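Note that the coordinates shown come from a computational prediction; the quantities given were computed from them, not determined experimentally.
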Amino acid sequence: MSSSTATKREREGPARSATDAVRKRARSPTDSRSACLVVSGELTSLDVLAGAARQAGWVTAECRSPEEAVRQVVLHDFALALLDLTAGQGREAFGDLLRTLRGSASNLVVICDRDAADPAGELWSREQGAWLYLPEVGEQSGLTQICREAHRVLEKIRGPMVASG
């Protein structure tokens, strides 16, 4: 091993978590076709959304904030994004993330809005380019079906997927 390679590895260091390892794997073009970005400020919702995506065959990268998610979208391609607009992280907090997602490769965005009482939520989501609007996170089995359907939709748009769930 050359000294320049060793120096580069020392600078990068080991992956900090299992999520970091997944994010690194999502870099390759093959994996990015089945990579899913999951964003929620609530740990329970993050687990439900990520679990549903994994059950449907997606490789997930999980973020606790829209700002962290923007950094991931800049570094990696995601075919699917599941965004949970939690209390304290309203629509305006997701603006940069949605603009960044629109600027990347073709992808599908699902927005779960906790403020279902506001009828403007679905309209706002559609204006942001959302493929699907959900008035709440819901149960995992329904979300898993949505994630499977995302595979089918992307297959029609892009051609056969690597993982068909």
Pairwise distance CD(Gln72) to OG1(Thr100) - rounded to 0.5 angstrom: 12.0 Å
Donor-acceptor pair, side chain of Asn107 and main chain of Leu101, under 3.5 angstrom: yes
Pair Arg152 + Glu155, salt bridge at N-O below 4.0 Å: no
Test side chain to side chain contact (heavy atoms under 4.5 Å, CB included) applied to Cys147 and Leu82, step by step: CA-CA 9 Å; Cys147 292; Leu82 303 175; 4.0 Å; yes
Full working for side-chain hydrogen bond (donor to acceptor under 3.5 Å, both in side chains) between Glu62 and Thr60: CA-CA 6 Å; Glu62 297 144 31; Thr60 63; 3.0 Å; yes
Matching residue for Trp131 among Val109, Val153, Ile111 - test: side-chain contact (heavy atoms from CB on, under 4.5 Å): Val153
Contacts of Ala52 that satisfy side-chain contact (heavy atoms from CB on, under 4.5 Å) - sequence neighbours left out: Gln140, Leu143, Thr144
Within-4.5 Å side-chain heavy-atom neighbours: Leu46 and Asp84: no
CD-CG distance between Glu127 and Leu123, expressed to the nearest 0.5 angstrom: 4.0 Å
Partners meeting salt bridge (Lys or Arg N to Asp or Glu O under 4.0 Å) with Arg71 (sequence neighbours left out): none
Heavy-atom closest contact (Ser34 atom, His151 atom, distance): CB-CE1, 4.3 Å
Heavy-atom pair of closest approach, residues Gly41 and Arg64: O-NH2, 3.0 Å
Contacts of Gln145 that satisfy side-chain hydrogen bond (donor to acceptor under 3.5 Å, both in side chains) - sequence neighbours left out: none
Nearest atoms (heavy-atom pairs only) where Phe78 meets Cys36: CD2-C, 3.7 Å
side-chain contact (heavy atoms from CB on, under 4.5 Å) partners of Asp47, counting only residues at least two apart: Leu43
Full working for side chain to side chain contact (heavy atoms under 4.5 Å, CB included) between Leu85 and Trp124: CA-CA 12 Å; Leu85 305 185; Trp124 177 85; 3.8 Å; yes
Results of side-chain contact (heavy atoms from CB on, under 4.5 Å) for Leu132 - residues two or more places apart only: Val110, Leu134, Ile146
Closest heavy-atom pair and its distance - Ala69, Cys63: CA-SG, 3.7 Å
Minimum-distance pair of heavy atoms, taken over all atoms of Trp58 and Ala79: CZ3-CB, 3.6 Å
Audit row: Leu37, Leu97, side chain to side chain contact (heavy atoms under 4.5 Å, CB included) steps and yes/no: CA-CA 11 Å; Leu37 176 68; Leu97 174 58; 4.2 Å; yes
